[in-house]
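Letters A, B, ... are given to chains in the order of the sequence lines, protein chains preceding strands, and every chain is numbered from 1.
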Amino acid sequence: MMFGLAALAIVVAAIMVLYRGIKGPRVYDRLLAINSMGTKTVILIALIGYMYERPHFLDIALVYALINFIGTIAFLKYRETGRLD
Amino acid sequence: MDIGTIICGVLLFIGCFFILVASVGVLRFPDFFTRIHPAGKTDTLGQACVLIGLIFYEGFDFISLKLLIIVVFLLVVNPTATYALANAAFISGVKPWKKGDKRQ
Amino acid sequence: MSFILTFILMLIFWVLLSGHFGLILVVSAVIFSLLVAYLSHDLLLGGVGLSSLIIKSVRFIAYLPWLFWEILLANFEVIYITLHPGMKIDPEVIEFDPALKTDVGITILANSITLTPGTVTIEAGKKSGFKVHSLTKGADLTEMVTKVKWIEGEE
């Protein structure tokens with residue numbers, strides 16, 4: 001119950017941020033929204049793991065946090081230098 | 001209902017409030033450089049609050065240690081990602097919003 | 001030196017993440033820790049002596065409570081500004097040069113500035129100095145710079 005309400009609040013927050021991602025005038029606004037949604041997804045995965053009493057979802061959350069950060073950095077690097085090597 | 005569950009509920013409430021306010025901030029602020037303020041600060045603290053609440057619910061074992069690793073990781077990585085975004089935008093010539101300009 | 005430290009750190013990290021102690025897991029833990037330590041020992045702790053590492057870690061932990069208090073204050077400020085219907089913001093960009101010597105100091109200062117009162121780092125470096133975007137006019141960062149210099153310590 002408690003975890004369900006918290007997950008609902010985070011989904012609402014993610015939808016609000018998604019609006020900024022769709023509308024955002026510049027590519028950086030969109031990137032900010034995507035990064036923010038990614039970290040919210042980490043929290044959401046952890047909460048869902050507790051909702052269904054499967055704390056092993058936390059491994060997925062940890063890996064998702066890593067991939068989210070690396071994805072943002074990689075996209076920024078690609079945008080600044082034009083290549084990824 | 002034990003004390004850990006109650007602390008967990010309070011921290012979950014505070015964290016969700018912070019995350020919701022951060023999202024409202026991302027929607028309301030007028031330009032990119034002001035939008036990274038709620039996304040970089042309030043979001044980080046809200047997420048840390050939610051995960052620390054889960055630690056109190058869990059008690060102390062390997063799983064809560066894993067949660068602690070995620071908290072530390074988010075606290076280090078979120079400001080770094082914010083800095084990378086802000087720096088990239090600044091280098092590419094996005095002008096900061098001044099008082100009196102119109103919203104973007 | 002840094003090779004052995006990295007190896008031990010990686011081993012501890014593996015054990016924390018896995019939590020099992022079967023024979024094949026322990027053997028693969030040792031193998032992969034050796035591999036990672038061999039590939040990246042100069043990245044994590046490159047060229048830092050053990051004693052100065054311990055001193056810096058202790059000073060950094062002593063710095064944390066003050067930082068968390070500042071983060072709390074900062075968040076209430078941002079929440080107040082966000083929920084205020086009049087949107088009372090007056091952004092400006094501050095430039096200053098904190099004269100920090102090490103990369104660790106610059107990283108700690110940049111991340112602390114991003115997390116605390118109404119300020120976000122938009123440029124940080126040894127040569128270029130710091131550029132900080134502030135939500136309201138008159139942000140004061142001298143106390144934080146002093147504390148981070150204390151963490152860096154006298155070489």
Side-chain angles (χ1 to χ4, degrees), chain B residues 14-15 17-46 48-49 61-66 68-70 72 75-91 94-101 103, chain C residues 12-21 60 64 67-68 70-95 106-125 128 130-137 139:
Chain B
I14 296 172
F17 175 70
F18 279 170
I19 292 176
L20 280 172
V21 170
S23 307
V24 173
V26 172
L27 281 184
R28 271 197 80 196
F29 277 126
D31 87 317
F32 173 74
F33 284 106
T34 45
R35 270 173 215 142
I36 54 180
H37 284 267
K41 284 194 269 278
T42 320
D43 232 16
T44 312
L45 189 72
C49 273
D61 55 4
F62 268 114
I63 292 169
S64 62
L65 212 57
K66 224 173 266 181
L68 196 65
I69 290 173
I70 301 181
V72 172
L75 278 178
V76 173
V77 148
N78 239 349
T80 314
T82 309
Y83 164 72
L85 267 167
N87 196 16
F90 188 73
I91 286 175
V94 180
K95 288 274 178 294
W97 183 84
K98 291 274 189 298
K99 200 175 186 176
D101 294 0
R103 292 173 54 93
Chain C
I12 293 172
F13 197 59
W14 177 291
V15 170
L16 287 186
L17 281 184
S18 105
H20 296 286
F21 296 96
F60 179 66
L64 281 179
L67 182 66
F68 277 119
E70 289 289 312
I71 290 173
L72 267 183
L73 290 182
N75 279 289
F76 284 118
E77 193 187 331
V78 172
I79 285 173
Y80 173 74
I81 291 173
T82 308
L83 295 182
H84 194 285
M87 186 63 65
K88 286 180 177 168
I89 54 173
D90 191 6
E92 64 170 350
V93 176
I94 311 167
E95 288 183 42
I106 288 175
T107 312
I108 292 174
L109 183 62
N111 274 4
S112 308
I113 286 175
T114 299
L115 283 172
T116 50
T119 46
V120 165
T121 319
I122 54 181
E123 190 161 7
S128 57
F130 273 59
K131 286 194 181 67
V132 173
H133 184 273
S134 163
L135 264 187
T136 48
K137 282 212 159 52

>> Only pairs of heavy atoms separated by less than 4.5 Å count here; which of B:F90, B:F17, B:F33, B:F18 has the most with chain C?
In response: B:F33

> Is the shortest heavy-atom distance from the side chain of B:D43 to the side chain of B:V26 under 4.5 Å?
Replying inline: no

> Just wondering, do C:N75 and B:K41 contact through their side chains at under 4.5 Å, heavy atoms?
Replying inline: yes

>> Here's a test for you: under side-chain contact (heavy atoms from CB on, under 4.5 Å), which of C:T107, C:T114, C:I113 qualifies with B:P79?
In response: C:T114

>> Out of B:V21, B:I36, B:T44, B:L75, return the one with the most heavy atom pairs under 4.5 angstrom to chain C.
In response: B:V21

> Can you tell if the side chain of C:L17 reaches within under 4.5 Å of the side chain of B:K66, non-hydrogen atoms only?
Replying inline: yes

> If you count heavy-atom pairs under 4.5 Å between each of B:D61, B:V24, B:T34, B:T82 and chain C, which one has the most?
Replying inline: B:T34

> Which region of B:I91, side chain (C-beta onward) or backbone (N, CA, C, O), has a non-hydrogen atom less than 4.5 Å from a non-hydrogen atom of chain C, or is it both or neither?
Replying inline: neither

